[in-house]
Visitor: 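I have a structure here, written as structure tokens, and I will follow up with some questions on it.
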Amino acid sequence: MRVALVSATAALGTDDDEAFLLPALRAAGADPAVVVWDDRAVDWAAFDVVVLRSTWDYTMRRDEFLTWVAATDAVTRLRNRPGVVRWNSDKVYLRDLAGYGLPVVPTEFLSPGDRPALPDGVPFVVKPTVSAGSRNTARYAPGEQDVARDHARRLLDRGRTVMVQPYVASVDERGETALVFLGGRYSHAVTKDALLVPGERATEDKLFATEKLHAVQPSAAERAVADAVLDAIPFPRDELLYARVDLVLGADGEPAVLELELVEPSLMLPQAPPEAAGVLARTIVALAGPDRQER
Ligand SMILES: Nc1ncnc2c1ncn2[C@@H]1O[C@H](COP(=O)(O)OP(=O)(O)O)[C@@H](O)[C@H]1O
Ligand SMILES: [Mg+2]
């Protein structure tokens with residue numbers, strides 16, 4: 001069976017998971033290829049399964065990407081499923097998570113036309129709701145309202161929805177914890193050090209930030225929140241080929257969701273237990289196996 005691992009031209013060769021997933025897929029009996037989503041020469045119907053992996057440039061062209069996702073799924077099996085990708089590719093989904101009663105980093109959303117209202121007296125973060133790899137994301141000190149307002153306005157003027165969050169102080173000390181799920185089941189967890197440097201302006205040119213990652217054992221509270229997130233969302237958990245829940249410790253010392261990644265998360269396979277890549281590969285192969293799931 002043929003499996004497409006989908007990347008972006010600018011991301012080719014930079015996905016650290018590939019060195020683990022490609023051999024695991026071959027060992028599971030598949031014939032994998034890394035392909036670029038907007039390469040018009042690709043015959044998607046020739047693949048049994050198409051797996052989104054490092055399509056990190058979709059945030060600049062979300063509509064075009066979602067159109068491609070739907071068209072591709074119509075001729076093969078694309079994972080995660082198009083409905084999942086549509087919902088999860090705009091961080092306004094955090095509002096849904098909060099609505100389900102889940103702990104989420106406090107977030108204000110600004111739409112084009114809104115006047116940017118910014119927090120007073122606390123450090124805060126401004127970022128677009130469609131983003132990945134820390135692009136267009138910056139942290140501001142309490143006195144930096146003017147620069148922050150310019151940043152927000154620039155995004156709003158380009159028609160983008162903006163989110164404003166208090167800077168979660170614990171990130172400086174302990175980073176964030178990413179819990180990775182494969183086929184809906186917990187696999188492993190990794191901590192990621194703080195990425196936003198005070199005084200550093202938001203970047204647009206880099207496709208992703210360089211991340212410092214370490215394997216970690218999540219706390220029972222972190223496991224519980226991540227499980228609650230996957231049980232609450234309006235998609236069957238066992239149909240999620242992969243999922244990553246990024247948690248930080250909130251001001252109350254309890255885990256809060258910073259991000260739920262269902263589109264193209266790094267799965268941190270270099271930091272994962274050795275069996276993780278095999279689990280993922282076999283789940284992919286099973287999608288097209290003899291008792292395969294419906295498209
Ligand atoms: N509210 C926040 N408090 C502290 N750090 C933040 C906050 N929001 C973002 N960051 C930092 O910026 C990085 C990127 O933001 P994130 O929300 O994860 O978006 P993405 O990974 O999609 O670019 C995070 O990994 C974290 O280091
Ligand atoms: Mg992130």
Side-chain angles (χ1 to χ4, degrees), residues 8 11 14-15 52 54-60 62 65 85 87-95 97-98 103-110 118-119 122-142 144 148 151-152 155 160-180 189-214 216 226 229 242-268 271:
T14 63
D15 175 3
L52 301 180
S54 45
T55 54
W56 296 320
D57 62 358
Y58 83 83
T59 58
M60 279 89 95
R62 176 169 178 256
F65 181 67
V85 173
W87 177 78
N88 188 243
S89 51
D90 185 330
K91 289 177 188 166
V92 292
Y93 67 71
L94 286 175
R95 206 184 259 155
L97 298 186
V104 171
V105 172
T107 308
E108 291 293 334
F109 294 95
L110 303 170
L118 299 172
V122 292
F124 59 95
V125 172
V126 172
K127 53 188 168 183
T129 62
V130 179
S131 183
S134 305
R135 220 166 315 125
N136 286 308
T137 300
R139 75 188 265 191
Y140 295 101
E144 292 184 303
H151 175 193
L155 294 168
R160 306 189 66 175
T161 306
V162 169
M163 46 206 286
V164 182
Q165 297 176 328
Y167 186 81
V168 179
S170 67
V171 171
D172 287 336
E173 295 289 313
R174 53 189 320 281
E176 61 192 284
T177 307
L179 289 86
V180 176
V190 169
T191 57
K192 194 193 285 188
D193 288 355
L195 286 171
L196 303 180
V197 180
E200 193 168 287
R201 295 294 156 244
T203 57
E204 306 194 32
D205 42 342
K206 279 189 295 192
L207 203 53
F208 56 89
T210 307
E211 300 176 337
K212 282 201 201 109
L213 307 171
H214 322 267
V216 72
V229 168
Y242 47 80
R244 206 183 80 204
V245 186
D246 292 351
L247 301 174
V248 293
L249 273 203
D252 58 358
E254 296 295 325
V257 179
L258 181 65
E259 248 192 299
L260 166 64
E261 295 245 27
L262 304 175
V263 181
E264 30 54 293
S266 289
L267 298 173
M268 295 148 173
Q271 288 76 29

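Reckoned from all heavy atoms, side chains included, excluding hydrogens, waters and symmetry mates. When a ligand or atom number is given, it counts from 1 through the structure's own listing order. This chain uses plain numbering: 1 for the first residue, then up along the sequence.
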Visitor: Would you check whether G133 has a nitrogen or oxygen atom less than 3.5 angstrom from a nitrogen or oxygen atom of ligand 1?
Guide: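 By distance alone, the answer is yes.
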
Visitor: For atom 16 (P) of ligand 1, which protein heavy atom lies nearest, and how many Å away is it?
Guide: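 For this ligand atom, the closest protein heavy atom is E259 OE1, 3.5 Å.
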
Visitor: Do ligand 1 and L258 have nitrogen or oxygen atoms that lie under 3.5 Å from each other?
Guide: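 There is no such contact.
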
Visitor: Could you tell me whether the side chain of L94 reaches within less than 4.5 Å of the side chain of M163, counting heavy atoms only?
Guide: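 Yes, close enough: below the 4.5 Å cut-off.
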
Visitor: Any side-chain heavy atom of D193 within less than 4.5 Å of one from H214?
Guide: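 Yes. Closest side-chain heavy atoms under 4.5 Å.
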
Visitor: Does R201 use its side chain to pair, donor to acceptor, with the backbone of A138 at less than 3.5 Å?
Guide: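 Not a single qualifying donor-acceptor pair exists.
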
Visitor: How far is atom 2 (C) of ligand 1 from the closest protein heavy atom, and which atom is that?
Guide: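 That would be V125 CG2, 3.6 Å.
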
Visitor: Should the pair F65 and Y58 be assigned to parallel (<30°), tilted (30 to 60°) or perpendicular (>60°) ring geometry?
Guide: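 Answer is parallel, since the angle falls under 30°.
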
Visitor: So which heavy atom on L249 is nearest to which on V168, and how close?
Guide: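 In terms of heavy atoms, the two residues are closest at O-CG1, 3.2 Å.
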
Visitor: Can you tell me the N, O or S atom of E259 that's nearest the Mg ion (ligand 2)?
Guide: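 The nearest such atom is OE1.
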
Visitor: Could you say whether the N/O atoms of P166 and ligand 1 ever approach to under 3.5 Å?
Guide: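 There is such a contact, yes.
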
Visitor: Tell me which protein heavy atom sits closest to atom 10 (N) of ligand 1, plus the residue, atom name and distance to 0.1 Å.
Guide: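 It is L196 CD1, 3.6 Å.
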
Visitor: Closer than 3.5 angstrom, by distance alone: can the side chain of N88 be matched with the main-chain N or O of Y93 as a donor-acceptor pair?
Guide: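 No, because the side chain of N88 does not come within donor-acceptor range (under 3.5 Å) of the backbone of Y93.
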
Visitor: If you measure every N or O of K127 against every N or O of ligand 1, does any of those distances drop under 3.5 Å?
Guide: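 Such a contact does occur with ligand 1.
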
Visitor: Nearest heavy-atom pair of R244 and S266: which atoms, and what distance?
Guide: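 Shortest heavy-atom contact: NH1-O, 3.0 Å.
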
Visitor: Should you measure from each heavy atom of L195, which atoms of ligand 1 turn up under 4.0 Å away?
Guide: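 Listed by number with element: 13 (C), 25 (O), 27 (O).
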
Visitor: Flag D246 as yes when one of its N or O atoms lies below 3.5 Å from any N or O atom of ligand 1, and as no otherwise.
Guide: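 No - when backbone and side-chain N and O of D246 are compared with those of ligand 1, no distance drops under 3.5 Å.
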
Visitor: Using side-chain contact (heavy atoms from CB on, under 4.5 Å), reason through E261 and D246 one step at a time and then give a plain yes or no.
Guide: CA-CA 8 Å; E261 295 245 27; D246 292 351; 4.1 Å; yes

Visitor: Is there a nitrogen or oxygen of Q165 sitting under 3.5 Å from a nitrogen or oxygen of ligand 1?
Guide: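 Yes - when backbone and side-chain N and O of Q165 are compared with those of ligand 1, one distance drops under 3.5 Å.
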
Visitor: For atom 5 (N) of ligand 1, find the nearest protein heavy atom and state the residue, atom name and distance (0.1 Å precision).
Guide: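 The closest one turns out to be Y167 CE1, 3.3 Å.
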
Visitor: Of all the non-hydrogen atoms in the protein, which one sits nearest to atom 25 (O) of ligand 1, and at what distance?
Guide: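 Of every protein heavy atom, E176 OE2, 2.3 Å lies nearest to atom 25 (O) of ligand 1.
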
Visitor: Quick check: do P166 and P106 have side-chain heavy atoms less than 4.5 Å from each other?
Guide: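 P166 vs P106: side chains touch.
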
Visitor: Decide yes or no for L52 and Y242: does some side-chain heavy atom of the first lie under 4.5 Å from some side-chain heavy atom of the second?
Guide: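 Yes, their side chains come closer than 4.5 Å.
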
Visitor: Applying side-chain contact (heavy atoms from CB on, under 4.5 Å) to V126 and V162, what does each step give before you reach the verdict?
Guide: CA-CA 7 Å; V126 172; V162 169; 3.8 Å; yes

Visitor: Any atoms of ligand 1 less than 4.0 Å from a non-hydrogen atom of S131? List them with their elements.
Guide: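 In order of numbering, the contacting atoms are 22 (O).
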
Visitor: Considering only the protein, which heavy-atom contact is closest to atom 13 (C) of ligand 1, and what is its distance?
Guide: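 Nearest protein contact, heavy atoms only, for atom 13 (C) of ligand 1 is S134 OG, 3.6 Å.
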
Visitor: N/O to N/O below 3.5 Å, does that happen between V168 and ligand 1?
Guide: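 Yes, since at least one N or O of V168 sits under 3.5 Å from an N or O of ligand 1.
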
Visitor: Under 3.5 Å between any N/O of K91 and any N/O of ligand 1: does that happen in this structure?
Guide: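 Min N/O separation from ligand 1 is below 3.5 Å for K91.
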
Visitor: Would you say E261 has any N or O atom under 3.5 Å from an N or O of ligand 1, going by distance alone?
Guide: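 Such a contact does not occur with ligand 1.
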
